[in-house]
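Step one of this worksheet: look at the structure below.
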Amino acid sequence: MGKDFKRHLITSALPYANGAVHIGHLAGVYVPADIYARYLRLKGEDVKFICGSDEHGVPITIKAKQLKCSPQDVVDKYHTIIKDSFEQFGISFDIYSRTTSKIHHKTAAAFFEKLYNDGKFIEKESEQYFDTEANTFLADRYITGTCPKCGAEGAYGDQCEKCGSTLSPEELINPRSAISGSEPIKKATKHWYLPLDKYEEWLREWILDGHKEWKTNVYGQCKSWLDGGLQPRAVSRDLDWGVPVPVKGAEGKVLYVWFDAPIGYISNTIELLGDEWEKWWKSDDTKMVHFIGKDNIVFHCIVFPCMLKAYGDGFILPENVPANEFLNLEGNKISTSRNWAVWLHEYLQEFPGQQDVLRYVLCANAPETKDNDFTWKDFQQRNNSELVAIYGNFVNRSVVLTHKYFGGKIPVSNNLLNVDKEALAQIPIIKASLETNLSTYKFREALKDAMNLARLGNKYLTETEPWKIAKTDMERVATILNVSLQICANLSIAFEPFLPFSSKKLRDMLNITGVNWEEFGRADILLNGHQLNAAQLLFAKVEDEAIEAQIAKLNATKAANEAAVATTAKSPVVVPQKEECTFDEFAKMDIRTATVLEAVKVPKTDKLLQLTIDTGIDKRTIVSGIAEHYTPQEMVGKQICILANLAPRKIKGIESKGMILMAKDESGNMKFVTPAQVVDNGAQIN
RNA sequence: GGCGCGAUAGCUCAGCUGGUUAGAGCGCAUGAUUCAUAAUCAUGAGGUCCCCAGUUCAAUCCUGGGUCGCGCUACCA
């Protein structure tokens, strides 16, 4: 905002190294970030574009277990795939490192240590699930069970991959340890928390007053968090994979990934620059921008800034956080677990040399303001009728004609007529629009600007018709082609941030090297008499077969998914028998019949019913999460079975004394258990 | 359930602080053209600006309510 920045630090979200990168990641984060970075470099700005793999956290340890290898093996595998595919795709990171690096461990530990020594954390004990067999605490991801929302088996303690709901371990039905398969118990453990609430006022001022120009989704999300009041957030976890907490008595604890990962931006900068790094993180004249997806807003706008603020020592804050929405694929959400994605490393193999096509389509269709849909038909159409027909075709026309009439030498421009002047005058106008759009993160619009330059070229050629004039006035033809070629040279600059491979190809054709933004807009980039190289096509048509093959591939995935669902429906996955228990243990449970007297929905909840029941011994209240399966009216008068002596618990402020026994099938339908015939209330069940 | 963001031509999107006939690209139709990867250029058809109510001389834009999509977040002893 008018501020004069000396350098630009650009970060893009660290991809999680338990899978490859797909078009959703690219469209949301890496393509826009790369365009931005390339643009600034072209302008001669001092730029560092930082990224790396995020390699800690529980999902990776689980993946390792599934694959029967070490977590290190997992991250090695995916880090390599991700790094290679980014590189081939032309994402121009200055460094792509990883959080398992020594330097990151050292940096992250030191960061924690300073905050710890400065008394910036609070310590708290809490109850966590603990696996008695494996003798270890269980992170959310290490607990599996039945999803309470969709009924799918194998949901994780933090999320169900089938239906995508966010969960907490307590919600899982029939929780099991992912390590031993046993039923976990609750146990107290100590952790450190960053008291975000202490930074609320400061955040308000910084974001709500100071950054009204942020995208509405980002600003609104931040405001929502701040208005809701911030809570202390745990920064450590009981786990053996990650950066160990550098404090005495913290054995078996590591930094929580969200604390660890953003420090990766810093450690990767250190790895890249050595002692120079501080200039990039601690100078007011550095402009830092985080490119992320919308699910990451809170970490980059609230949590990480609090960490930097707590650390102090001159750390700068992001100037902007242009978070994008999500990209869907053929009408459905992209899903790694369901393999519903277009994987970058597969695309690179199946469409060799066509990086720019995907870059173009993902930018043109980027989810900047709302979720968007990627379809292969659209991909084909944009390639064939935009890249090939407009941009590629114009360049081809210009170069082919020049070879035909002037042996491939730049012809001399003579008297410029009005048409020529008008065409050339458009170039700086387009440039200005590009600059505005790029600097405000409107990459879709910016790409349109660049395309308009190619349109201008086609229009110019059609209006001037050099192939007709060639019969009478070669001098005029020389001027026309000179102008056309100057437009081509400008195109190679305009498209450089978006389509670097094609720009390079175009420059090779024009036989020029190097580009800089400064030249953009000029009509004398190519000198008279300069020899061009042979014409080659900038873009190839994408044939129907290629698209059909991709769609067939997706259909196969869909069929496989449906088959998997069908199989589980036919032969339901039955949860294995629990650990043996003694008769005494069973006898401790007081299970008996009861009748529902009243039932009401608990206000402001989706799933809770408050039931008044007659247990034979008393009338009591039970809160049960069955509102999605039974209406209150249905429940009244029904005889049910309850666990009567379960320790009472407050749910939504209501004391619930006991639990209703429910049977649940594969698709998540819950049915209460009832005696075959009505019996007296309070009848014991053994 | 709470909160946030979105909803504008067949598709993808612009529409600044409310103001005469709501714009662009692609697709479609018609015409022109043939240097070019049957590419290009011109013209045109296409919209209850999600719905309802309100404020206003005037609302796509403001207010209230609702519907749908997505994200964050809460309850399941």
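Naming: A, B, ... by sequence-line order, numbering from 1 per chain.
- Salt-bridge annotation for A:K294 and A:D371: present, with a side-chain N of the basic residue lying under 4.0 Å from a carboxylate O of the acidic one.
- Residue-level contact check: A:F539 touches the bases, meaning some heavy atom is under 4.0 Å from a base atom.
- At a threshold of 4.0 angstrom between heavy atoms, the contacts of A:G658 are confined to the sugar-phosphate backbone, with no base atom among them.
- Here, B:rC5 and B:rG65 have their P atoms 14 Å apart, quoted to the whole Å.
- Side-chain contact annotation: A:R455 with A:N458, donor-acceptor N/O pair under 3.5 Å absent.
- Taking the ring axis of A:F326 as reference, the NZ or CZ atom of A:K333 does not stay both within 45° of it and closer than 6.0 Å to the ring centre.
- Nearest nucleotide to the side chain of A:K541, out of B:rA38, B:rC35, B:rC26: B:rA38.
- Protein atom CD of A:E330 is 13 Å distant from nucleotide atom C1' of B:rC11, rounded to whole Å.
- Annotation: the span from A:R204 atom CZ to A:D209 atom CG amounts to 9.0 Å, rounded to 0.5 Å.
- B:rC72 and B:rC57 have their P atoms separated by 45 Å, given to the nearest Å.
- Between A:L506 atom CG and B:rA36 atom C1' there is a gap of 15 Å when expressed in whole angstrom units.
- A:K459 pairs by the side-chain contact (heavy atoms from CB on, under 4.5 Å) definition with A:E463, not counting sequence neighbours.
- The separation between A:D373 atom CG and B:rG10 atom P is 17 Å, rounded to whole Å.
- Here A:L538 lies in heavy-atom contact (under 4.0 Å) with a base.
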Can you check nucleotides 40-45 of chain B for protein contacts, nitrogen or oxygen pairs under 3.5 Å, and list what you find?
from   : atom 1 : to     : atom 2 : distance (Å)
B:rU40 : O2'    : A:R397 : NH1    : 3.1
B:rU40 : O2'    : A:T462 : OG1    : 2.9
B:rC41 : O4'    : A:T462 : OG1    : 3.4

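- Taking the side chain of A:E445 as heavy atoms from C-beta on, and the options B:rC70, B:rU37, B:rC13, the nearest nucleotide is B:rC13.
- A residue-by-residue look at A:L537 and A:L643 shows that A:L537 has its nearest nucleotide of RNA chain B further toward the 5' end.
- At B:rC13, none of the side-chain N or O atoms of A:K442 fall inside 4.0 Å of OP1 or OP2 (strictly under the cut-off).
- The distance between atom NZ of A:K468 and atom C1' of B:rU33, rounded to the nearest whole Å, is 7 Å.
- Annotation: side-chain contact (heavy atoms from CB on, under 4.5 Å) contacts of A:A341 (sequence neighbours excluded): A:H22, A:I334, A:W343.
- Atom name C1', nucleotides B:rG66 and B:rA24: the rounded distance is 32 Å, in whole Å.
- With hydrogens and angles ignored, the 3.5 Å screen pairs a side-chain donor or acceptor of A:E368 with a backbone N or O of A:R444.
- Between A:Y441 atom OH and B:rC13 atom P there is a gap of 22 Å when expressed in whole angstrom units.
- Taken to the nearest 0.5 Å, the CG atom of A:N365 stands 7.5 Å off from the CG atom of A:D373.
- Checking B:rU34, B:rC13, B:rU37 against every side-chain atom of A:N365, the shortest atom distance belongs to B:rC13.
- Comparing B:rA58 with B:rG15, their P atoms sit 27 Å apart, to the nearest whole Å.
- In this structure, A:I390 and A:M451 have side chains that are in contact, with non-hydrogen atoms separated by less than 4.5 Å.
- Two residues are said to be in side-chain contact when any heavy atoms from C-beta on lie closer than 4.5 Å; A:Y460 and A:I480 meet this criterion.
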Start with the C-alpha distance between A:N482 and A:T479, add both sets of side-chain angles, then the distance that settles side chain to side chain donor-acceptor pair (under 3.5 Å), and finish with yes or no. CA-CA 5 Å; A:N482 185 296; A:T479 304; over 6 Å; no
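- Side-chain contact between A:D590 and A:R592 is present, with at least one heavy-atom pair separated by less than 4.5 Å.
- Stem analysis of RNA chain B (Watson-Crick or G-U pairs, both distances under 3.5 Å, runs of at least three) returns B:1-7 with B:67-73, B:10-13 with B:23-26, B:28-32 with B:40-44, B:50-54 with B:62-66.
- Between the NE2 atom of A:H300 and the C1' atom of B:rG71 there is a distance of 16 Å, given to the nearest Å.
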Polar pairs (N or O, both sides) under 3.5 Å between protein and nucleotides 3-9 of chain B?
from  : atom 1 : to     : atom 2 : distance (Å)
B:rC3 : O2'    : A:S224 : OG     : 2.5
B:rG4 : O2'    : A:Q221 : N      : 3.2
B:rC5 : O3'    : A:T216 : OG1    : 3.4

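- Whole-Å rounding puts the A:Y360 OH to B:rG25 P distance at 12 Å.
- The aromatic rings of A:F495 and A:Y391 lie parallel to each other, with less than 30° between the two planes, well short of the 60° mark.
- Contact check on A:R476 versus A:D420 returns a salt bridge, with a Lys/Arg side-chain nitrogen under 4.0 Å from an Asp/Glu carboxylate oxygen.
- No contact: A:K215 has no heavy atom under 4.0 Å from any strand.
- Residue-level contact check: A:E386 touches the backbone only, with heavy atoms under 4.0 Å from sugar-phosphate atoms and none from bases.
- Here the separation of B:rC3 from B:rU63, taken at their P atoms, is 16 Å to the nearest Å.
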Could you go step by step and tell me if A:F351 and A:F379 meet the ring-ring contact (aromatic ring centres under 6.0 Å, His included) rule? CA-CA 12 Å; A:F351 293 87; A:F379 172 88; 5.5 Å; yes
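- The nearest heavy atom of RNA chain B to A:D295 and to A:G392 marks one nucleotide each, and the one closer to the 5' end goes with A:G392.
- Between A:F501 and A:Q354, the closest side-chain pair of non-hydrogen atoms is not below 4.5 Å.
- For the C1' atom pair drawn from B:rA45 and B:rG31, the interatomic distance equals 15 Å after rounding to whole Å.
- Taking atom C1' on both nucleotides, B:rG19 is separated from B:rG1 by 41 Å, rounded to a whole Å.
- Syn is the glycosidic conformation of B:rG46, whose angle stays within 90° of 0.
- At a threshold of 4.0 angstrom between heavy atoms, the contacts of A:V298 with the nucleic acid are absent.
- Atom-to-atom, CG of A:L461 to C1' of B:rA36 comes out at 9 Å; the value is rounded to the nearest Å.
- Of the C1' atoms belonging to B:rG10 and B:rC28, the separation is 9 Å, rounded to the nearest Å.
- With B:rC70, B:rU33, B:rA24 as the candidates, the nucleotide lying closest to the side chain of A:K448 is B:rA24.
- Partner of A:K442 under the side-chain contact (heavy atoms from CB on, under 4.5 Å) criterion, chosen from A:T436, A:T369, A:N437: A:N437.
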Could you list, one pair per line, each protein nitrogen or oxygen that sits under 3.5 Å from a nitrogen or oxygen of nucleotides 28-30 of chain B, together with the distance?
none

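- When the nucleotides B:rU37, B:rC13, B:rG71 are ranked by their closest atom to the side chain of A:F326, B:rG71 comes out on top.
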